[in-house]
Amino acid sequence: MDRIKFDQNDTQNYPIEKKLFEEKTHKSKLFNRRNVSGEINQYAICPACNGPVQVIGLYKKLRNTDKPYGKHINYSLSGLASYYQEDYDYCPYRAKRQEYNKETRKAEVNPLVRSIIQKLVLNFDRMIYLISKYTGIYISKSFARILLNDYFDSKAYLYPGSTLINIPFMLMYFMRANTLFYRKIDLKSRLAQALESCQELAIENGKICNNTNGYQSLEFCFIAHETKLNQHTLIETLLFQVMLNNNLIYEDKLELEPKYIENLIHFDQTKLSEKIKENNKSLIKLAKEVAKEKGFTF
């Protein structure tokens, strides 16, 4: 892996760099530990599964690469990170990860799973903003509730591909197909540009409308969640599709941008207008309400 965390409760992750590592850890023994051979190694936390990792090549020159990287270890680090076999088995940063499909679920709500749900709920306003940016579709409060209900009712938080860094993708992936008619869209988005060329459709006041006298269906969905490791960099994608009368008219392969997501989560909210602040508060309140209905209180 090419990114790490320094606290299991931290919602932000960082590139693996010597200067940054030293600034974040202050060379603490918590992160610099002696192994059984008497050598001092560097340790941190996986940003996806919250598991313990050893940082390789931070001070020693590596034979095959000039970039340091993180590698999972199969034991807990007291005071830093706990090891859970199931989380490690399914972690996208594991080279030989255990196979799974959309129906696969983890056995229980362990600390990682609860952290995923908590991050979703307490940052739900940012998740909705991100989904709008990825798709070009504005998300109303009623539609936000639909996303939450589909997520919790599918037990998406137990899906092995669900991590601390891909929550917006999981909200989309476990959404059932929904109509696009009369939803407001960003007129500058790729979606709007594609739909404008479709004679059966019209965009009026930013909303997609039926441009015929007969009945039509216009639905969108998200499929084909995939992850792969390129060297030590995680690449994660999701396919966004729009169907007109069951015929594919638009498709976009979305790629997860973890750094952008983390920067948005930590954006200074005081810079927002009062209207946006109030809307964000209402979305977080909604997420807390739905989560409580499903048995999770934050």
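The pair Glu39-Lys60 meets the salt-bridge criterion, since a charged nitrogen lies less than 4.0 angstrom from a carboxylate oxygen. Salt-bridge check for Lys207 with Glu204: failed, with every basic side-chain N at 4.0 Å or more from each acidic carboxylate O.
Counting heavy atoms from C-beta on, the side chains of Met1 and Cys91 never come closer than 4.5 Å. For the pair Ile167/Asn123, no side-chain contact is recorded, criterion being any heavy-atom separation below 4.5 Å from C-beta on. In this structure the side chain of Leu130 reaches within 4.5 angstrom of the side chain of Ile261, judged on heavy atoms. Taking 4.5 Å as the limit, every side-chain heavy atom of Met127 sits out of range of all side-chain heavy atoms of Val121. Within the 4.5 Å cutoff, side-chain heavy atoms of Leu148 are placed close to those of Leu120. In this structure, the side chains of Lys5 and Gln12 stay at 4.5 Å or more apart for every pair of heavy atoms. Using a 4.5 Å heavy-atom cutoff, the side chains of Thr135 and Phe222 are in contact. Under the 4.5 Å side-chain criterion, counting only non-hydrogen atoms from C-beta, Lys281 is not in contact with Lys285.
The minimum heavy-atom distance between Gln8 and Ala81, with the atom names listed, is NE2-CA, 3.6 Å. Of all the heavy atoms in Leu122 and Phe298, the pair that sits closest is CD2-CB, 4.3 Å. Taking each heavy atom of Leu248 and Tyr250 in turn, the nearest pair found is CD1-O, 3.2 Å. A pairwise comparison of heavy atoms in Gln98 and Tyr90 identifies NE2-OH, 3.0 Å as the closest pair. Contact record, Asn178 with Arg176: ND2-O, 2.8 Å, taken as the closest heavy-atom pair. Heavy-atom minimum distance, Tyr83 versus Pro52: CA-CD, 4.0 Å.
In this structure, the side chain of Glu86 engages the main chain of Ala107 through a donor-acceptor pair within 3.5 Å. A donor-acceptor contact shorter than 3.5 Å is absent between the side chain of Asn245 and the backbone of Asn247. Formation of a donor-acceptor pair under 3.5 Å by the Ser132 side chain with backbone atoms of Ile137 is found in this model. Looking only at distances, a side-chain donor or acceptor of Asp186 sits under 3.5 Å from a matching main-chain atom of Lys188. No donor-acceptor pair under 3.5 Å is formed between the side chain of Gln216 and the backbone N or O of Asn210. A donor-acceptor distance shorter than 3.5 angstrom exists from the side chain of Lys119 to the backbone of Leu164, with no hydrogens or angles considered. The backbone N or O of Leu283 lies less than 3.5 Å from no partner atom in the side chain of Asp125, so there is not a single donor-acceptor pair.
Surrounding CD of Gln85 are more than 12 heavy atoms belonging to other residues, nucleotides or ligands, all under 6.0 Å away. Enclosure of atom CG in Asn246 is not indicated, since only 12 or fewer non-hydrogen atoms of other residues, nucleotides or ligands lie within 6.0 angstrom. Summarising the local packing, OH of Tyr129 is surrounded by 12 or fewer heavy atoms from other residues, nucleotides or ligands at distances under 6.0 Å. Summarising the local packing, NZ of Lys71 is surrounded by 12 or fewer heavy atoms from other residues, nucleotides or ligands at distances under 6.0 Å. Around CZ of Arg190, the count of heavy atoms belonging to other residues, nucleotides or ligands within 6.0 Å does not exceed 12. Remark: Asp268 CG is packed, more than 12 non-hydrogen atoms of other residues, nucleotides or ligands lying under 6.0 Å away.
Residues Ile146 and Ile131 share a single hydrophobic cluster, defined by chaining ILVMFWY side chains whose heavy atoms lie under 4.5 Å apart. In the hydrophobic cluster analysis, where Ile, Leu, Val, Met, Phe, Trp and Tyr join through side-chain heavy atoms closer than 4.5 angstrom, Tyr138 is grouped apart from Ile128. Residues Leu20 and Val53 are members of one and the same hydrophobic cluster, defined by side-chain heavy-atom contacts under 4.5 angstrom among Ile, Leu, Val, Met, Phe, Trp and Tyr. With hydrophobic clusters built from ILVMFWY side chains whose heavy atoms lie under 4.5 angstrom apart, Tyr260 does not share a cluster with Leu272. Under the 4.5 Å side-chain heavy-atom criterion for grouping Ile, Leu, Val, Met, Phe, Trp and Tyr, Tyr134 is connected to Leu187 within one hydrophobic cluster.
Among residues at least two apart or in separate chains, there is no ring pair (Phe, Tyr, Trp, His ring centres under 6.0 Å) pair with a member in residues 177-218. Residue pairs meeting the side-chain hydrogen bond (donor to acceptor under 3.5 Å, both in side chains) criterion with at least one partner in residues 154-173, sequence neighbours excluded, are Tyr159-His225, Thr163-Asn166, Asn166-Glu236.
By the 30° and 60° cut-offs, the orientation of the rings of Tyr14 relative to Phe6 is tilted. Ring-plane geometry between Phe220 and Phe143 is classed as perpendicular, the angle between the planes exceeding 60 degrees on a 0 to 90 degree scale with a lower cut at 30.
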query = Arg145 and Leu286: side-chain contact (heavy atoms from CB on, under 4.5 Å), yes or no, with the steps?
reply = CA-CA 7 Å; Arg145 182 181 287 275; Leu286 171 65; 3.1 Å; yes
ask   = Would Phe267 and Arg126 count as a side-chain contact (heavy atoms from CB on, under 4.5 Å) if you check the C-alpha gap in whole Å, the side-chain angles of each, and the deciding distance to 0.1 Å?
value = CA-CA 10 Å; Phe267 179 77; Arg126 278 83 152 187; 6.0 Å; no
query = Going through the distances and angles, do Glu200 and Ile249 end up as a side-chain contact (heavy atoms from CB on, under 4.5 Å)?
reply = CA-CA 11 Å; Glu200 294 89 348; Ile249 61 168; over 6 Å; no
query = Please walk me through it: do Lys106 and Asp87 pass side-chain contact (heavy atoms from CB on, under 4.5 Å)?
reply = CA-CA 9 Å; Lys106 291 182 177 179; Asp87 293 341; 3.0 Å; yes
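Annotation: the span from Leu238 atom CG to Leu254 atom CG amounts to 5.5 Å, rounded to 0.5 Å. Here Asn41 contributes atom CG and Asn35 contributes atom CG; the two are 4.5 Å apart, rounded to the nearest 0.5 Å. The line from CD1 of Ile139 to NZ of Lys184 is 12.5 Å long, rounded to the nearest 0.5 Å. To the nearest 0.5 Å, the span separating CD on Glu226 from CG on Leu256 amounts to 13.5 Å. Note: Ile45 CD1 to Asn13 CG = 11.5 Å, rounded to the nearest 0.5 Å. To the nearest 0.5 angstrom, Phe21 atom CZ is 6.5 Å from Tyr59 atom OH.
Between Tyr43 and Phe31, the ring center distance fails the sub-6.0 Å criterion.
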Would you mind writing out the side-chain donor-acceptor pairs for residues 290-297 within the sub-3.5 Å range, not counting sequence neighbours?
unit_1, atom_1, unit_2, atom_2, d
Lys294, NZ, Asn149, OD1, 3.4
Lys294, NZ, Asp153, OD1, 2.8

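Of the residues Lys96, Arg97, Arg94, the one that meets the salt bridge (charged side-chain N to carboxylate O under 4.0 Å, His left out) test with Asp89 is Arg94.
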